[in-house]
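Position 1 is the first residue of the sequence, and the numbers go up from there.
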Amino acid sequence: MCCFSRNVESVSDTLIFARRKGDQDRQYLVYSMTIRASEDLAMILPIPVPPDSPDDAVRFINLENYPRFFNDLRAGFPRPPATGGRALRSQTDSKKKLEVVQVGSFEASFVPSTDDFQRLDARFRLPAETWDQLPQYAEYGFAVFKLKQGANKIHPMAFEFPTAMRGKLFFPTVHIHDGQVHGTAKFDHELYGQLDGLQAFLPHDWEESPQPAGLFMKRDLAGELIDPQAHVYRRRLTGNLKNEDIWI
């Protein structure tokens, strides 16, 4: 979900990586984009956490030293495609402030529910009526990243979270750029994932890296986020598309 607490002038080159954490009910998510904004604001990512998750349920991961995380992921998909690649088948205590964590060049917070947004500075919230238009997020939590005004290429934001959807992989792709929820949105996205047995559920427009991730990612910088033995899968989303999240 490319969702912002204030209007943005432009957003482009959105990159998302997702992987389940072994056999645990947890998921990794890495997010990057290019943004231009005229004021400080927050990017808000909804995440399908279990109900009543505590304030410390999300663990933020600092990728400040690996700004080229997605450049290296792209390098795993050479052009023209190598022969090894293949297409696949188709009520809150409002007096208690939320913890703010410094993660590289960002300040980040986990908001356990829509009601908990009152515990954040007003600049970093969406109007309550916006959430009324998104009933699918009624039981979600939210990762909130505070961004500075101006034109910025955002270094990758990474975290792991407990997921309420065991056996599925979640990509937040719903757009809210102006406080309104629209049925379609302009996409400029690349999704990457390590799928841990979910390959059979992919539509045909996902492609597989010819080599395992350990041969093109910097393992010492990516750390736990990447399984070096597993291949990576990629899907491009461009143009005006249905405004919804992606699940595998």
Side-chain angles (χ1 to χ4, degrees), residues 13-34 43 45 47 49 56-88 101-108 110 143 145 152-163 165-173 189-202 206-237 246-248:
D13 197 25
T14 299
L15 307 167
I16 307 174
F17 171 82
R19 181 171 80 86
R20 294 188 297 178
K21 187 176 182 179
D23 60 356
Q24 301 181 42
D25 293 336
R26 297 186 71 86
Q27 180 185 315
Y28 294 111
L29 195 70
V30 186
Y31 199 104
S32 178
M33 64 189 166
T34 299
M43 185 187 75
L45 296 176
I47 45 179
V49 297
D56 60 355
V58 169
R59 182 171 65 91
F60 294 98
I61 299 169
N62 187 358
L63 280 182
E64 187 176 24
N65 292 329
Y66 198 4
R68 296 184 61 81
F69 179 91
F70 283 104
N71 300 74
D72 289 350
L73 277 176
R74 279 174 168 162
F77 295 82
R79 297 174 181 173
T83 56
R86 61 183 178 91
L88 295 174
V101 180
Q102 191 71 39
V103 188
S105 60
F106 309 111
E107 289 184 347
F110 170 57
F145 294 87
N152 298 291
K153 173 64 178 177
I154 304 301
H155 81 62
M157 298 169 277
F159 57 94
E160 68 160 279
F161 64 92
T163 177
M165 304 298 288
R166 182 178 179 87
K168 291 187 177 182
L169 197 61
F170 174 70
F171 294 85
T173 52
H189 288 48
E190 288 183 16
L191 309 183
Y192 294 87
Q194 290 188 298
L195 303 183
D196 189 26
L198 295 173
Q199 292 89 325
F201 299 98
L202 290 181
W206 286 82
E207 56 185 316
E208 180 183 5
S209 65
Q211 298 176 313
L215 296 181
F216 52 87
M217 299 297 292
K218 294 179 176 59
R219 297 170 62 173
D220 58 328
L221 297 177
E224 65 192 281
L225 292 166
I226 293 290
D227 179 352
Q229 306 303 320
H231 288 223
V232 178
Y233 297 81
R234 179 174 70 175
R235 182 184 183 187
R236 294 188 178 95
L237 299 172
I246 302 295
W247 287 92
I248 299 172

Query - Step-by-step side chain to side chain contact (heavy atoms under 4.5 Å, CB included) determination, Leu73 to Met217 - result: CA-CA 7 Å; Leu73 277 176; Met217 299 297 292; 3.7 Å; yes
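- Every residue two or more places apart in sequence or in another chain was checked for a side-chain hydrogen bond (donor to acceptor under 3.5 Å, both in side chains) with Gln27, and none qualifies.
- With His189 contributing its side chain and Thr14 its backbone, the two residues share no donor-acceptor pair below 3.5 Å.
- Put simply, CZ on Phe161 and CZ on Arg26 are 9.0 Å apart, with the number rounded to the nearest 0.5 Å.
- A side-chain donor from one of Tyr28 and Glu224 sits under 3.5 Å from a side-chain acceptor of the other.
- Between the CG atom in Asp196 and the CG atom in Asp227 there is a gap of 8.0 Å [rounded to 0.5 Å].
- Under the salt bridge (charged side-chain N to carboxylate O under 4.0 Å, His left out) criterion, Arg219 pairs with no residue at all, not counting sequence neighbours.
- Looking at residues two or more places apart in sequence or on another chain, you find a ring-ring contact (aromatic ring centres under 6.0 Å, His included) between Phe17 and Phe69.
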Practice task
Starting from the C-alpha separation in whole Å, work towards a yes-or-no answer on side chain to side chain contact (heavy atoms under 4.5 Å, CB included) for Glu190 and Phe70.
Solution key: CA-CA 10 Å; Glu190 288 183 16; Phe70 283 104; over 6 Å; no
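- Residues Ala213 and Val232 share a closest heavy-atom pair of CB-CG2, 3.9 Å.
- Arg74 and Leu15 make their closest contact through NH2-CD2, 3.5 Å (heavy atoms, listed as atom of the first residue, atom of the second, distance).
- Separation of atoms CE (Met157) and CG (Asn62) is listed at 12.5 Å; rounding is to 0.5 Å.
- Using a 30° and 60° split on the angle between ring planes, Phe60 and Phe145 fall in the perpendicular class, above 60°.
- Qualifying side-chain hydrogen bond (donor to acceptor under 3.5 Å, both in side chains) partners for Gln211, counting only residues two or more places apart in sequence or in other chains: none.
- Scored by the side-chain contact (heavy atoms from CB on, under 4.5 Å) test, Ala75 finds no partners at all (sequence neighbours excluded).
- The two residues Ser209 and His231 make their nearest non-hydrogen contact at O-ND1, 2.8 Å.
- Under the rule for a salt bridge (charged side-chain N to carboxylate O under 4.0 Å, His left out), Arg68 has no partner lying at least two apart in sequence or in another chain.
- Under the side-chain contact (heavy atoms from CB on, under 4.5 Å) criterion, Lys218 pairs with Tyr66, Asp72, Asp220, Leu221, sequence neighbours left out.
- Between Phe159 and Leu29, some side-chain heavy-atom pair lies under the 4.5 Å cut-off.
- Among all heavy-atom pairs drawn from Asn71 and Pro67, the shortest one is OD1-O, 4.1 Å.
- The shortest heavy-atom contact between Phe110 and Ala57 is CE2-CB, 3.9 Å.
- Leu198 meets the side-chain contact (heavy atoms from CB on, under 4.5 Å) test with Arg20, Leu169, Leu195, Phe201, Ile248; sequence neighbours excluded.
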- Just do the side chain to side chain contact (heavy atoms under 4.5 Å, CB included) check on Ile226 and Gln194 with the steps written out, would you? CA-CA 8 Å; Ile226 293 290; Gln194 290 188 298; 4.0 Å; yes
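- The two atoms that bring Phe171 and Ile16 nearest to each other are CD2-CG2, 3.8 Å, heavy atoms only.
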| message | Pair Gln199, Glu208 - check side chain to side chain contact (heavy atoms under 4.5 Å, CB included), show working. | response | CA-CA 10 Å; Gln199 292 89 325; Glu208 180 183 5; over 6 Å; no
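- Checking side-chain atoms of Glu160 against main-chain N and O of Lys21 turns up no donor-acceptor pair under 3.5 Å.
- Scanning for side-chain contact (heavy atoms from CB on, under 4.5 Å) contacts around Asp25 gives Arg166, with sequence neighbours left out.
- Taking the six-membered ring wherever Trp is involved, the centroid distance between the rings of Phe170 and Trp247 falls below 6.0 Å.
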